[in-house]
Novice: 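This is the structure, below, for whatever I ask next.
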Amino acid sequence: MKIATLHDAIADHVHDGDMLAIEGFTAFICFAAAHEIIRQGRRDLVLVRMTPDLIYDQMIAAGCARKMVFSYLGNPGVGSLHCVRRAVEKGIPRPLEVEEYSHFGMVSRYMAGAADLPFFPLRSYMGADQPKVNPHIQFVESPFEGDVVAVVPPLNPDVAIIHAQRADPSGDTQIWGLLGVQKEVAFAAKRVIVVVEEIVDESVIRSDPNRTVIPGLLVDALVHEPWGAHPSYAQGYYDRDNQFYLEWDRISRDEAETQAWLDEWVYGVEDRASYLRKLEGQDPTLQQRLAPGEALSQPVNYGIYG
Amino acid sequence: MTEYTPAEMMITSSARALAGERVVFVGVGLPNIACNLARHTVAPDLELVYESGVFGSRPARLPLSIGDPTLVSGATLVCGMPDLFMYYLQGGRIEVAFLGAAQIDRFGNINTTVIGGRSPGFVGRYEQPKVRLPGSGGACEIAIHAQKVFVIMRLSPRGFVDQIDFCTSAGHLDGEPGGRAALGMPGAGPQLVVTDKAIFRFARDTGEMYLSSVHPGITAEEVQAQVGWPLKVADGLKTTVPPTVEELRLIREELDPEGAYTGKGE
């Protein structure tokens with residue numbers, strides 16, 4: 001495990017053709033990592049994520065991906081993912097292969113991957129058409145009671161990228177808020193990059209071990225990148241920038257405008273710090289507008305034993 | 001009579017259907033407002049469960065999405081998605097769930113995956129769709145496990161079709177009695193479809209959708225014109241009771257004061 005810049009973490013761990021999962025269920029979406037991957041010109045990635053969201057819309061518009069594995073395509077609370085739709089419906093900027101599950105199917109694939117199982121059983125897909133278009137969804141009979149359940153195979157991405165509130169220098173990572181499948185994807189992936197709002201002393205982590213979701217053991221690179229999830233959010237640190245989610249709906253409808261946006265906000269900035277400086281130059285109230293106020297949890301007593 | 005929008009009619013009709021319910025799986029938009037309205041009116045003990053892994057949510061603002069951080073602060077429990085799908089949903093703890101639909105057929109089977117396509121045949125439709133829709137999300141398994149499913153969608157000929165292009169979430173299948181149970185689907189399937197023009201329910205013996213009530217000013221003929229199959233109509237067709245003054249006050253002053261979801265009347 002080493003503490004790295006985002007540039008170096010991506011350069012070392014994300015390669016052309018990799019299967020990459022940037023997870024975080026409608027929260028903690030690491031746009032900083034996606035933008036760095038676009039800047040470094042990665043190609044032929046297999047992008048895995050339950051909810052592709054704006055982050056994969058942007059990466060697909062930038063031509064990084066050949067295939068996407070997912071369970072819900074949408075701009076959450078706003079509408080469609082227009083770049084994904086252009087790729088699927090018209091092959092622009094390049095054709096995109098899709099492999100599609102329900103949410104439970106994706107969760108189950110990650111669990112099988114994390115636990116090194118050959119498949120995971122779930123009661124889903126009965127009466128539905130997904131198994132007709134995805135050979136990875138099968139049905140098996142239980143050897144015990146003859147019950148028939150669906151099964152899906154393990155998913156073991158080459159790289160997982162997870163955004164979180166804080167970690168200690170060894171990569172022990174704490175998350176509060178929506179936990180999504182962050183733990184499962186970290187255990188399932190061959191390499192893990194964790195990006196945090198803060199790096200804290202080990203004693204902070206040890207004061208509340210129940211809040212640790214990912215042990216440093218799994219983490220290959222730890223990156224300190226405040227506001228790395230903008231325009232998504234980090235619980236307790238900043239809110240979702242909904243203005244941008246609405247704005248993207250307009251920008252992304254047009255291929256030329258989308259490319260112009262990528263030129264200005266991804267290729268045109270050096271790193272996340274420059275992106276934030278540029279953003280605050282245009283919107284000086286940004287931090288104030290997205291500040292969530294304070295709702296502190298009550299401390300608990302773990303006790304001293306011995 | 002107080003003026004109201006079609007969206008407000010859909011919200012109040014959905015909220016009333018939650019009378020006496022305890023655990024509801026909520027989506028954003030109209031279902032979210034409907035569930036919060038029900039909590040203020042007919043179902044004070046209603047627990048809102050969000051697909052993002054939040055139980056007992058008390059959102060301080062209208063959530064912008066299913067993953068809005070306002071759902072977390074002040075909730076009774078937040079869990080990862082394995083817990084949510086395995087224990088809450090598959091474990092049978094969800095009483096009612098709301099689903100949306102791009103297409104629905106007479107048996108309440110729902111498509112939210114693809115519309116049409118360039119080449120003929122089922123797989124061609126999927127691989128080269130005319131319109132690529134969001135896909136399942138959790139809807140496929142919600143439709144299987146929730147004890148009851150309520151659908152909220154606008155009434156239109158494009159939505160109410162004889163044949164859906166893709167079955168994302170199964171309803172009453174082909175209507176054969178016991179069909180769901182035979183496939184191992186624990187929930188009772190779709191029970192109610194709330195639209196901007198009328199409300200539909202499903203016959204117990206045939207699983208077929210029928211017109212249960214029309215909103216004030218709408219006729220059964222007008223509804224039939226929007227539906228792609230010969231629609232069965234309830235004996236003694238009723239008129240939907242419009243929103244009360246108090247329901248409208250709660251929606252407009254407390255639940256959606258900016259009219260984000262409710263103000264766009266047609």
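Numbers restart at 1 for each chain; the letters A, B, ... are given by sequence-line order, proteins then strands.
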Novice: Which bit of A/E184 comes within less than 4.5 Å of chain B, counting heavy atoms only: side chain, backbone, both or neither?
Specialist: side chain
Novice: Answer with side chain, backbone, both or neither: which region of A/S80 has an atom nearer than 4.5 Å to a non-hydrogen atom of chain B?
Specialist: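 Neither the backbone nor the side chain of A/S80 comes within 4.5 Å of chain B.
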Novice: Counting heavy-atom pairs under 4.5 Å with chain B, which one of A/Q130, A/R240, A/R85 comes out on top?
Specialist: A/Q130
Novice: Can you say whether A/M106 sits under 4.5 Å from chain B via the side chain, the backbone, both, or neither, judging by heavy atoms?
Specialist: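 For A/M106, there is no contact with chain B at all, as no heavy atom is under 4.5 Å.
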Novice: Heavy-atom pairs under 4.5 Å with chain A: which of B/A139, B/G29, B/G80, B/A75 has the most?
Specialist: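 Between B/A139, B/G29, B/G80, B/A75, the count favours B/G80.
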Novice: Check for me whether the distance between the ring centres of A/H230 and A/Y238 falls short of 6.0 Å.
Specialist: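 Judged by ring-centre distance (under 6.0 Å), A/H230 and A/Y238 do not meet the cut-off.
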Novice: Contact part of A/Y233 toward chain B, heavy-atom cut-off under 4.5 Å: side chain, backbone, both or neither?
Specialist: side chain
Novice: Non-hydrogen atoms of chain B under 4.5 Å away: do they reach the side chain of A/F139, the backbone, both or neither?
Specialist: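 Looking at A/F139, nothing touches chain B.
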Novice: Would a 4.5 Å heavy-atom cut-off, applied to side chains only, mark A/Q235 and A/F28 as touching?
Specialist: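 Side chain of A/Q235 against side chain of A/F28, heavy atoms only: contact under 4.5 Å found.
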Novice: With heavy-atom distances below 4.5 Å as the criterion, would you say the side chains of A/L290 and A/W227 are in contact?
Specialist: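 In short, these two side chains touch, coming nearer than 4.5 Å.
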Novice: Between A/M111 and chain B, with a heavy-atom cut-off of 4.5 Å, which part of the residue counts as in contact: side chain, backbone, both or neither?
Specialist: side chain
Novice: Which one wins on heavy-atom pair count under 4.5 Å against chain B: A/L178, A/V107, A/V98?
Specialist: A/L178
Novice: If we define contacts as heavy-atom pairs under 4.5 Å, which of A/G74, A/G177, A/P52 has the most with chain B?
Specialist: A/G177
Novice: Below 4.5 Å, heavy-atom pairs only: which of A/M126, A/K183, A/H103 has the largest tally toward chain B?
Specialist: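 Among the listed options, the one with the most contacts to chain B is A/H103.
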Novice: Go through the side-chain N and O atoms of A/W248 and A/N75 and say whether any donor and acceptor fall under 3.5 Å apart.
Specialist: no
Novice: Checking the side chain of B/T168 only, and the main-chain atoms of B/S136 only, is there a donor and an acceptor separated by less than 3.5 Å?
Specialist: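 Checking the backbone N and O of B/S136 against the side chain of B/T168, no donor-acceptor pair under 3.5 Å is found.
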Novice: Does a donor on one side chain and an acceptor on the other come within less than 3.5 Å for B/D68 and B/Y50?
Specialist: no
Novice: Is it the side chain or the backbone of A/F120 that comes within 4.5 Å of chain B heavy atoms, both, or neither?
Specialist: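 For A/F120, side-chain heavy atoms alone lie under 4.5 Å from chain B.
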Novice: Centroid-to-centroid, B/F160 to B/F200, below 6.0 Å?
Specialist: yes
Novice: Among A/V78, A/L81, A/D249, A/I29, which residue satisfies the side chain to side chain contact (heavy atoms under 4.5 Å, CB included) criterion with A/L54?
Specialist: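 Single pass found, and it is A/L81.
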